[in-house]
Amino acid sequence: QVHLVESGGGLAQPGGSLRLSCAASGRTLSVYGMGWFRQAPGKEREFVAAISWNSSVRNYAVSVKGRFTISRDNAKNTVYLQINGLQPEDTAVYYCAADHGGLGVGRADDYDYWGQGTQVTVSS
């Protein structure tokens, strides 16, 4: 199976940047699609971004498009989420997930493995 661990979250000011990482163990991620989701207090888990197994397809939520960039390094078995122009509404726990179908999709129930999440807090 696949074990995912997110890192890189923390406290940032509005307009700042963070780079989140998701490291995998157990199996290579080379054939998995990968996604990032987030969940703020009192809200449903929300799709953020996804990337196909070969990076040929990338999808973003409207709320983050232009500010967030998803990428992957299959040789390192790691996916990333670069977050720029942070806003207070970006505050949430961010989760990475792996989809054995290999495509970058936005439905949470399409993903087979999930990390524990990393907290992103945006505040002045």
Side-chain angles (χ1 to χ4, degrees):
Q1 307 289 53
V2 177
H3 181 63
L4 304 174
V5 179
E6 302 94 335
S7 62
L11 178 64
Q13 296 190 107
S17 298
L18 289 171
R19 188 197 194 204
L20 309 185
S21 298
C22 176
S25 62
R27 294 187 180 181
T28 179
L29 294 182
S30 62
V31 299
Y32 286 80
M34 297 296 300
W36 285 96
F37 295 78
R38 66 186 182 186
Q39 188 165 22
K43 301 187 71 175
E44 298 287 321
R45 186 166 296 189
E46 175 189 21
F47 169 73
V48 175
I51 187 168
S52 62
W53 70 275
N54 62 356
S55 299
S56 65
V57 177
R58 305 184 193 204
N59 292 305
Y60 297 93
V62 172
S63 60
V64 307
K65 192 171 185 179
R67 298 188 298 116
F68 289 22
T69 302
I70 188 170
S71 62
R72 66 191 299 161
D73 187 338
N74 287 343
K76 295 181 178 180
N77 230 23
T78 302
V79 298
Y80 306 94
L81 186 69
Q82 178 67 43
I83 307 176
N84 298 324
L86 281 162
Q87 303 169 1
E89 53 264 41
D90 295 322
T91 296
V93 177
Y94 284 71
Y95 301 89
C96 68
D99 163 31
H100 75 272
L103 303 178
V105 296
R107 288 178 54 86
D109 57 6
D110 286 332
Y111 290 83
D112 303 285
Y113 307 102
W114 293 82
Q116 293 293 313
T118 185
Q119 176 72 48
V120 171
T121 302
V122 184
S123 177
S124 60

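We use all heavy atoms of the structure for the numbers below, so side chains are in, but hydrogens, waters and symmetry mates are not. Starting from 1, each residue takes its place in the sequence as its number.
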Rounded to the nearest 0.5 Å, how far apart are CG of L29 and CG of D99? 11.5 Å

Is the backbone of A23 close enough, under 3.5 Å, to the side chain of N77 for a donor and an acceptor to pair up by distance? no

Rounded to the nearest 0.5 Å, how far apart are CZ of R72 and CZ of R58? 10.0 Å

Under a single-linkage rule joining Ile, Leu, Val, Met, Phe, Trp and Tyr whose side-chain heavy atoms are separated by less than 4.5 Å, which residues share a cluster with V57? none

Does CD belonging to E89 count more than 12 external heavy atoms closer than 6.0 Å? yes

Can you name the side chain to side chain donor-acceptor pair (under 3.5 Å) partners of R67, sequence neighbours left out? D90

Kindly write out the residues that satisfy side chain to side chain donor-acceptor pair (under 3.5 Å) with S123, not counting sequence neighbours, or none if the list is empty. none

To the nearest 0.5 angstrom, please state how far the OG atom of S25 sits from the CG atom of L4. 8.0 Å

Within-4.5 Å side-chain heavy-atom neighbours: V120 and R38: no

Whether the side chain of Y111 engages the backbone of V105 through a donor-acceptor N/O pair (distance < 3.5 Å, no angle test) should be reported. yes

To the closest 0.5 Å, what do you measure between CZ (R19) and CD (Q82)? 7.0 Å

Within the 4.5 Å heavy-atom criterion, are E46 and S63 side-chain neighbours or not? yes

For the backbone of V122 and the side chain of T91, can you confirm whether one donor and one acceptor N or O come within less than 3.5 Å of each other? yes

Quick one: ring pair (Phe, Tyr, Trp, His ring centres under 6.0 Å) pairs with a partner in residues 43-100, sequence neighbours left out? F37-F47

Could I get the full list of side chain to side chain donor-acceptor pair (under 3.5 Å) partners for Q39, not counting sequence neighbours? none

Look at the side-chain heavy atoms of Ile, Leu, Val, Met, Phe, Trp and Tyr, link any pair under 4.5 Å apart, and say whether V2 and W36 land in one connected group. yes

Is a donor on one side and an acceptor on the other found under 3.5 Å between the side chain of E6 and the backbone of C96? yes

Give a yes or no on whether L11 and L20 share a hydrophobic cluster (residues Ile, Leu, Val, Met, Phe, Trp, Tyr; joining criterion: side-chain heavy atoms under 4.5 Å apart). no

Could you list the residues that satisfy side chain to side chain donor-acceptor pair (under 3.5 Å) with D73, not counting sequence neighbours? none

Can you measure from CG (L86) to OG (S17) and round to the nearest 0.5 angstrom? 6.0 Å

Determine whether a donor-acceptor pair (N or O, by modelled atom type, separation under 3.5 Å) exists between the side chain of T78 and the backbone of K76. yes

In short, P14 meets S124 closest at the heavy-atom pair CD-N, 3.8 Å

